[in-house]
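It should be emphasised that the depicted structure is a prediction, and the values quoted were computed from it without experimental measurement.
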Amino acid sequence: MDKINEEWLPHLRPSMIENAQGYQLDAYLMALEGWRRGLTLKWHVKDSEKFKDMRTWYVEKPGHLFSLSSKERVHYFFKTRGDLVSNGAVDIGKDKQQTKVHLEREGVRTPQGQELTQLESIDLAKEVANKVGYPVVVKPSDGSYGRGVFTNIGTEEDLENAINYIQKTLETNDIIIEEHIPGDEHRLYVVGDRVVGAMLREPANVVGNGENTVKQLIDIKNDQKKQNPRLVSCLIKQNPETRHFIEKQGYTLQSVLPEGEKLYLTDKSNISIGGDPISVTDELPQTVKDVAVAAVKAIPGLVHSAVDLIVDRSGDQVEGVVLELNPTAQIGGLVFPMKGKPNDIPKAIIDYYFPETEPITQDQSKLYFDLETVLEPLLTRTAKVAAMSPTPKGELYAKKYIVTGDVSNHGFHLGLRKQLFERYLFGRIVMLEDDSIEVIAAGTDPEAVEEFKEAIYEDPERSEIESVTEEAYDGALNIGVEIKTAKHLQLERAQELQQSLELINQELHSLEKNYKTYLKSFSWRISYPIRLVGAIFKSIRRS
């Protein structure tokens, strides 16, 4: 099985973003890049300030909307999309047919086809498919994440099944039927007039080793994906659709794949349903990159965007055929590809919005912030805007202290955090597996960092310290002060809680079963008149 990437951009280590995975990842990557450069970072709630005038969606929960400002300017961002992208461009990007019209007008190749609005007659759809020529692709006019997209449809029966699914499941009669272009799906990200990242989107798959079953290979690959900041929320699902696709190829989940054989688990390439993002920025022909840039320029008011296209290698030349544009695209697969060189998309976008800022320094690249802590005032609705503390100015000094003894008291840890704050330092306090603690102290004042070591001994009531060892620290630095348990202990505690919950559920199920049995028993039924009379007397006495 191909090995997943384990090395990322050095300034985006997994430990820095473990609290901002899932739907918060893209906004956090963007905000972190700007904040590290010294820009003022603020997080906003729905309809705050300029966001009232921007196209946004699903922003009831904070973590999507933020602003960055310098002395010269302020810009507002919804995830990866900034305010230099017009609302009109967003509307066109969401409408596949309008996108097609603009692309064709500027000579950008896109699959030939036709939109059928409020489709009621399946015969009309068949007529269009015959006109386009099988195989065809069927998809909803307004859709995302690959929902309702059916590719390589070769028969009228499959066409009818696809349209029925779209109409019933997605509840829409607005459908596009277009030619199926053979080739591999790619996502390119364009900023201004250049491609800053490109990835091949390979459908979910496993590679045989001659030993493990398909099911085991999926589990192994999902374990690998869990180590990737983007793919941790994009695992391969072993659902009926997956099983059916596997069976069509002559296998089952219990089959053992020969060594080196690749088995695709779906024909959809979306990363969100288990696809593999493979970086190909340096390998992709310039002709394909030029198509992506031309596609973005074809949409008025669009200055940066993802471009999804098919790389068609069937002719004499390699061509890019544009499928759609996404002005509010997820960039995690480009930044954290499964294979290939990571692409620094946040840097390219912030460069475009704030060209006057300098690239982050080596010291700044170590800094990060805990998003959950920053968003707390917005989550509790005690504020509409949450401003981040500015990045420290100057050279950073950091030490790691290992403290042994009776040091597990949480009050002691809180006292150490207070000592750090009083010296304008930041870092973290971690409870280790051997009941010692690791304390990181960092700041721009080396004397304050050294003085902190003495402060470790200043709480004898809540600790008995045996030893304190120190060493220089060159790792990631949280701008606040975290108090946490080692990940191994966290997992053990989570497993203990899960086991306790399972026991409680088992006891509850047993009690419910016994109760139902008792209700059906002879003694319960025979005593009903007595209980009824007792209830009547109690009612009379109360009144």
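Contact check for Val196 versus Asn343: no side-chain heavy atoms found under the 4.5 Å cut-off. Counting heavy atoms from C-beta outward, Met199 and Tyr189 have side chains that stay 4.5 Å or more apart. Side-chain contact between Leu231 and Phe336: absent, with no pair of heavy atoms (C-beta onward) separated by less than 4.5 Å. Considering only heavy atoms from C-beta on, His11 comes within 4.5 Å of Asp344 through its side chain. In this structure the side chain of Met338 reaches within 4.5 angstrom of the side chain of Pro277, judged on heavy atoms. The closest side-chain heavy-atom distance from Ile479 to Thr391 is not below 4.5 Å. Within the 4.5 Å cutoff, no side-chain heavy atoms of Pro337 are placed close to those of Ile278. Using a 4.5 Å heavy-atom cutoff, the side chains of Gln317 and Thr287 are not in contact.
Of the candidates Lys225, Lys339, Arg201, Lys225 is the only one forming a salt bridge (Lys or Arg N to Asp or Glu O under 4.0 Å) with Asp276. Only one option out of Lys42, Glu49, Lys50 pairs with Tyr76 in a side chain to side chain donor-acceptor pair (under 3.5 Å); it is Glu49.
In this structure, the separation between CD1 on Ile163 and CD1 on Ile175 is 5.0 Å, given to the nearest 0.5 Å.
No donor-acceptor pair under 3.5 Å is formed between the side chain of Lys341 and the backbone N or O of Ser279. No donor-acceptor distance shorter than 3.5 angstrom exists from the side chain of His186 to the backbone of Ala198, with no hydrogens or angles considered. Judged by distance alone, with hydrogens and angles left aside, the side-chain atoms of Thr242 form a donor-acceptor pair with the main-chain N or O of Lys237 at under 3.5 Å. A donor-acceptor pair is defined here as one N or O able to donate and one able to accept, closer than 3.5 Å; no such pair exists between the side chain of Thr328 and the backbone of Arg81.
Residues Gln286 and Asp290 have side chains that bring a donor and an acceptor to within less than 3.5 angstrom of each other. If you check the side chains of Tyr134 and Glu156, you find no donor sitting under 3.5 Å from an acceptor. In this structure, a donor-acceptor pair under 3.5 Å is present between the side chains of Asp312 and Ser314. Side chain to side chain, Glu115 and Ser141 meet the donor-acceptor criterion of an N or O pair below 3.5 Å.
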- salt bridge (charged side-chain N to carboxylate O under 4.0 Å, His left out) between Lys139 and Glu324: does it pass, once the steps are laid out? CA-CA 12 Å; Lys139 56 188 177 182; Glu324 59 184 283; 5.0 Å; no
- Audit row: Thr155, Glu157, side-chain hydrogen bond (donor to acceptor under 3.5 Å, both in side chains) steps and yes/no: CA-CA 5 Å; Thr155 67; Glu157 181 182 356; 5.2 Å; no
- Task: Output, in order, the C-alpha distance, side-chain angles, deciding distance and verdict of salt bridge (charged side-chain N to carboxylate O under 4.0 Å, His left out) for Arg37 and Glu33.
- Result: CA-CA 7 Å; Arg37 296 192 189 195; Glu33 174 71 24; 2.9 Å; yes
- Please walk me through it: do Leu284 and Leu188 pass side chain to side chain contact (heavy atoms under 4.5 Å, CB included)? CA-CA 10 Å; Leu284 207 61; Leu188 283 65; 3.8 Å; yes
- Task: Start with the C-alpha distance between Glu356 and Arg73, add both sets of side-chain angles, then the distance that settles salt bridge (charged side-chain N to carboxylate O under 4.0 Å, His left out), and finish with yes or no.
- Result: CA-CA 10 Å; Glu356 72 276 13; Arg73 71 197 83 220; 3.3 Å; yes
- Query: Does the side chain to side chain contact (heavy atoms under 4.5 Å, CB included) test come out yes or no for Val85 and Val90, once each step is laid out?
  - Reply: CA-CA 7 Å; Val85 176; Val90 176; 4.1 Å; yes
- Item | Intermediate values then yes/no, side chain to side chain contact (heavy atoms under 4.5 Å, CB included), Met54 and Leu65 | CA-CA 10 Å; Met54 285 181 66; Leu65 309 175; over 6 Å; no
- Criterion salt bridge (charged side-chain N to carboxylate O under 4.0 Å, His left out) on Asp91 and Arg55, from CA distance to verdict: CA-CA 8 Å; Asp91 293 339; Arg55 294 281 192 273; 3.0 Å; yes
- Message: side chain to side chain contact (heavy atoms under 4.5 Å, CB included) for Met30 and Lys79? Distances and angles first, verdict last.
- Response: CA-CA 8 Å; Met30 293 285 297; Lys79 298 183 180 180; over 6 Å; no
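Between His304 and Tyr353, a ring centre-to-centre spacing shorter than 6.0 Å is recorded. Taking the ring centroids of Phe354 and His75, they lie under the 6.0 Å cut-off.
Residues passing the side-chain hydrogen bond (donor to acceptor under 3.5 Å, both in side chains) test with Thr110: none are found, sequence neighbours excluded. Residues passing the side-chain hydrogen bond (donor to acceptor under 3.5 Å, both in side chains) test with Ser255, sequence neighbours excluded: Thr252.
A salt bridge links Asp308 with Arg187: at least one charged nitrogen is closer than 4.0 Å to a carboxylate oxygen.
Heavy-atom contacts from other residues, nucleotides or ligands closer than 6.0 Å to NZ of Lys215 number 12 or fewer.
The cationic atom of Lys268 (NZ for Lys, CZ for Arg) lies less than 6.0 Å from the six-membered ring centre of Phe150 and within 45° of the ring axis.
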